[in-house]
Amino acid sequence: MSVQAYDDNNRRYFSTELLKWYQREQRDLPWRGSGDPYHIWVSEIMLQQTRVDTVIPYFNRFIERFPTLRHLAEAPEEDVLKHWEGLGYYSRARNLQSAVREVVAEYGAKVPDQKKQISSLKGVGPYTAGAILSIAYNQAEPAVDGNVMRVLSRYFLIEDDIARPATRVSMESLGQSLIPEGEAASFNQALMELGALVCTPKSPSCNTCPVGQHCAAKWESRERELPIKSKAKQPKRVYRLAALIEGTGEHEGQVLVRQRPNTGLLAKMWELPHVEVANEEVWDSLAEGGQWLESELNDQGVAIQVTRHMNEAQHIFTHLIWQVKVVGAVATNEHQLENLEGYAWVGPDQFENFVWPNIFRKLLTDYFKTANP
DNA sequence: AAACCGGGGGC
DNA sequence: GCCCCAGGTTT
């Protein structure tokens, strides 16, 4: 990294001008001001790979329901997941509660202020540890996220691939070296704020940038080339058939749903019973696919007959694309499904008692709307 | 190092 | 359609 080209004057300029800008322009965010390390912790977990505007309403609801570490520690996990519903990366919620329980049990319900301790908590990696230590406790620790790597790579013209872990490590030493004495909390937030508001990915506002005068990338008109990031592999497409099993008799107006496994993708959330099919051709044929769906669910104790094609949906994950076709079905052993482990009947009245991934929330909401207008 | 883990917004 | 977002864990 050719940061040596930058002398101390340039670094001092960067830090002082950035701090001055932040004092003027910082946004008023719900987790700023209270100074409660627990609130800061919750915000940092929610903000992982998630935009500020998305997080704000979730954060307010979450803190209202779980105002302190103890409230969160004592809550049922399902309740926590329900407050995370729609945010994505649900292991964040489970890890957070698990870590909070550890803090209550091992650290007297006080968020630890030592790096080794806080870094050992579930869901707390290098970024989050640095963010909590600096923002909540004003310790001179770096908090290097995507914003910070973008800002630093441009200002110092660093051409390392930011997708490589080694690059983040070197950015951390640079970021730490830039923190002015006693200003860790403001400086780290200022770096991220600049990345979010000014030094944006596509078209940075270099004309209004508080440190643009000494930005190496701007000097060479290369700000749009940075940071350098290798491309991610494109997601694999899979084909799935879901059964919308309509209840009869006492289950009139209800649909059979099931809970996902305790680990992995969308863990513990609810879904329509469904199977993956071998290829697009099987998926396309209602006869072929329907037969496969019937036999697979039958093996799990759910005997059905597929009746008709109903709906289609696509759901894009980071590493996976679900092509989902929904077919209508009737249960031929409805009386035996009552106590089948992991399955339940749900109608509009019970809908909110379950935690749904977005794709099934939408499919079921649409169904109930057309079935009971 | 690469794969896994959600969902949404900007352009 | 592509890229990114106040990343972390597992393999």
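Proteins get letters first, then strands, A, B, ... in listed order; numbering begins at 1 in each.
If A/Asp53 and A/Leu320 are placed on DNA chain B by their nearest nucleotide, the residue sitting closer to the 5' end is A/Leu320. Summary of the strand contacts: A/Pro357 and A/Ser203 both lie near DNA chain B, and taking for each the nucleotide with the nearest heavy atom, the more 5' one is attributed to A/Pro357. If you find the closest nucleotide of DNA chain C to A/Arg168 and to A/Lys231, the one lying nearer the 5' end belongs to A/Lys231.
A/Glu280 and A/Gln323 are not linked by any side-chain donor-acceptor pair at a separation below 3.5 angstrom, with hydrogens and angles left out of the test. Side chains of A/Arg150 and A/Asn147: a donor-acceptor N/O pair is present below 3.5 angstrom, by distance only. Between the side chains of A/Gln48 and A/Tyr127, not a single donor N or O lies within less than 3.5 Å of an accepting N or O.
Within 4.0 Å (heavy atoms only), A/Thr50 reaches at least one base atom of the nucleic acid.
Here A/Glu288 does not pair with A/Lys325 in a salt bridge; the nearest charged N to carboxylate O distance is not below 4.0 Å. Using a 4.0 Å cut-off between charged nitrogen and carboxylate oxygen, A/Glu220 and A/Arg154 do not count as a salt-bridge pair.
At B/dA3, none of the side-chain N or O atoms of A/His319 fall inside 4.0 Å of OP1 or OP2 (strictly under the cut-off). At the phosphate of B/dG7, OP1 or OP2 sits under 4.0 Å from a side-chain N or O atom of A/His315.
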Quick one: do A/Arg240 and A/His274 satisfy side-chain hydrogen bond (donor to acceptor under 3.5 Å, both in side chains)? Show the steps, please. CA-CA 7 Å; A/Arg240 293 179 166 246; A/His274 70 288; 2.8 Å; yes
What do the steps show when you test A/Asp28 against A/Arg32 for salt bridge (charged side-chain N to carboxylate O under 4.0 Å, His left out), and what is the final call? CA-CA 7 Å; A/Asp28 188 14; A/Arg32 287 184 177 159; over 6 Å; no
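Taking the C1' atom of each, B/dC5 and C/dC5 are spaced 15 Å apart, rounded to whole Å. Spacing between C/dT9 and B/dG8 at atom P, rounded to whole Å, works out to 24 Å. Across C/dG8 and B/dG9, the matching C1' atoms stand 23 Å from one another, rounded to whole Å.
Evaluation of the ring-ring contact (aromatic ring centres under 6.0 Å, His included) test over residues 15-50 of chain A, restricted to residues two or more places apart or in two chains, returns A/Trp31-A/Phe59.
Between A/His315 and A/Phe317, the ring planes are perpendicular. Angles over 60° get that label, and only those under 30° would be called parallel.
Among the duplex regions that DNA chain B forms, those built from at least three successive Watson-Crick or G-U pairs under 3.5 Å are B:1-5 with C:7-11, B:7-11 with C:1-5, ordered by first number.
For DNA chain C, the outermost nucleotides in 5' to 3' order that have an atom under 4.0 Å from a heavy atom of chain A are C/dC3 to C/dT9.
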